[in-house]
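For reference, the structure discussed in these notes is given below.
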Amino acid sequence: MKKAYAALTALVCLLFASGSFADQPLPWQATLQPAATPIMREIRWFEQYTLWFIVPITLFVLVLLIVVCFKFRASANPVPSKTSHNTIIEVIWTVGPVLILLFLAVPSFNLLTAQLTLPENPDVTLKATATQWQWNYEYAGSTGETPLAFDSYLLKDPDRAAAGKVDLATYPRLLAVDNEVVLPVNKTVRVLVTAAPTDVIHAFAMPSFGIKIDAVPGRLNETWFKTEREGLFYGQCSELCGKDHAFMPIAIRVVSEDKYKQWLTAAASDLPGAYKALMAATDGPAKTVDVAENVQ
């Protein structure tokens, strides 16, 4: 059943997505972004599962309202009924919601358990620190004397040519950044999220990964994900953090393990050069990278 829902949602995304197949907000988008992790796949399934309850209940209540409006209006019933209790109806409207909530609670708790059960031995540990209005990333245990760390800012239009990111389909306005997070595919990643001590509350959100967690000053929150496909994935700060809240994007480039190791080694001494080499290897000379390609 879950595989059928995943195939159906993937087909819908392929029909309505743009040519770049980007995991980013699309015009007139009515569904969640394509799943890139097992957790997000479960979230998409749970969304479809709940619709089997929401739609019939909504239609049933609408029918009842229409029936009441026409059948029991004052002109049709000048003398209202004095009936005040109906045992069958009271049992139904008590037992029915309890059963519905039970059917929703069981898969919901299973999903929450999977989200909140952190891996014991993650392959990569990434620390994301939020500051108005940028992200700072640090790779724990990276090569070199000090851990690899860098800032990530919104990519401004005048800087696109110098960065080699002129393709708006691959590097969309207000979502592309100067320095993306680079991670290996099919590896468990633990993310430590916080905000600068003198800052405000932010939120680290990546829709395709199914994660959203607050970045609170003085507090270290953590989450995890495991991407199943390569590509560029875009998210944003999802907390009202100030006047430039809308200009604090998150970009994660997922590559093969070999390319990740090469980038990590080169970035320790030459971060811009490491990005240029990685973009040349992933984007190609004649075609930009397929941004988070919608394949299941």
Side-chain angles (χ1 to χ4, degrees), residues 1-18 21-73 81 83-119 203-214 221 223-229 233-236 238-240 292 294-296:
M1 181 65 72
K2 294 182 180 179
K3 291 183 178 179
Y5 282 133
L8 179 61
T9 52
L11 178 61
V12 172
C13 292
L14 286 173
L15 291 175
F16 293 97
S18 64
F21 303 118
D23 273 18
Q24 57 178 293
L26 300 175
W28 302 100
Q29 183 175 355
T31 60
L32 300 177
Q33 292 188 15
T37 65
I39 291 296
M40 187 57 188
R41 191 166 60 247
E42 292 292 322
I43 292 175
R44 289 178 64 89
W45 175 86
F46 185 68
E47 180 214 14
Q48 299 295 322
Y49 174 77
T50 56
L51 289 178
W52 287 99
F53 297 90
I54 295 173
V55 173
I57 291 173
T58 303
L59 295 177
F60 177 68
V61 172
L62 177 62
V63 170
L64 288 181
L65 289 174
I66 294 174
V67 170
V68 169
C69 290
F70 283 91
K71 186 176 181 180
F72 299 101
R73 66 187 188 277
S81 172
T83 302
S84 60
H85 294 285
N86 187 299
T87 303
I88 296 178
I89 292 178
E90 290 184 355
V91 170
I92 292 174
W93 74 34
T94 301
V95 176
V98 170
L99 294 176
I100 292 172
L101 290 176
L102 181 63
F103 279 106
L104 293 176
V106 172
S108 175
F109 290 157
N110 290 336
L111 177 58
L112 286 173
T113 300
Q115 288 178 308
L116 299 177
T117 302
L118 299 172
F204 187 90
M206 184 59 63
S208 293
F209 296 175
I211 60 172
K212 178 182 180 296
I213 188 168
D214 285 343
N221 292 328
T223 185
W224 73 280
F225 59 84
K226 183 179 181 180
T227 53
E228 298 176 318
R229 52 192 171 91
F233 300 88
Y234 292 103
Q236 289 176 302
S238 297
E239 193 70 56
L240 296 177
N294 290 348
V295 293
Q296 297 294 333

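For the numbers below, each heavy atom of this structure counts, side chains included, while hydrogens, waters and symmetry mates do not. Since the model is a prediction, treat every value here as computed from it, not as a measurement. When a residue number appears, it is its place in the shown sequence, counting from 1.
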Taking atom CH2 of Trp52 and atom CD1 of Ile57, what is their separation to the nearest 0.5 Å? 14.0 Å
Who passes ring-ring contact (aromatic ring centres under 6.0 Å, His included) against Phe53, sequence neighbours left out? Tyr49
So CG of Leu99 and OG1 of Thr94: to nearest 0.5 Å the spacing works out to 11.0 Å
Nearest non-hydrogen partners of Lys212 and Ala203, listed with the distance: NZ-CB, 4.4 Å
Would you give the length of the straight line joining atom CD1 of Ile54 to atom CG of Leu59, rounded to the nearest 0.5 angstrom? 11.5 Å
Would you name the heavy atoms of Arg44 and Gln33 that are closest together and state the gap between them? NH1-O, 2.7 Å
Identify, with sequence neighbours excluded, every residue that meets side-chain hydrogen bond (donor to acceptor under 3.5 Å, both in side chains) alongside Gln29. none
Taking only distance into account, with no hydrogens and no angle test, what donor-acceptor pairs under 3.5 Å do side-chain atoms of residues 84-92 form with protein atoms, sequence neighbours excluded?
residue: His85; atom: ND1; partner: Glu90; partner atom: OE2; Å: 3.3
residue: Asn86; atom: OD1; partner: Ile88; partner atom: N; Å: 3.2
residue: Asn86; atom: OD1; partner: Ile89; partner atom: N; Å: 3.1

What pairs with Ser108 under side chain to side chain contact (heavy atoms under 4.5 Å, CB included), at least two apart in sequence or on another chain? Phe46, Leu112
Quick one: pull up OG in Ser208 and CD1 in Ile43 and give me the separation to the nearest 0.5 Å. 11.0 Å
Not counting sequence neighbours, which residues clear side chain to side chain contact (heavy atoms under 4.5 Å, CB included) with Ile66? List them please. Leu62, Phe70
Can you find a heavy atom in the side chain of Pro207 that is under 4.5 Å from one in the side chain of Gln24? no
Atom CG in Leu118, atom OG1 in Thr223: separation rounded to 0.5 Å? 7.0 Å
The criterion is side chain to side chain contact (heavy atoms under 4.5 Å, CB included); which residues satisfy it with Thr37, sequence neighbours excluded? Ile39, Met40, Phe209, Phe225, Thr227
Which value, rounded to the nearest 0.5 Å, describes the distance between Glu42 atom CD and Glu47 atom CD? 13.5 Å
Sequence-distant partners of Val106, side chain to side chain contact (heavy atoms under 4.5 Å, CB included), two or more places apart: Leu102, Asn110
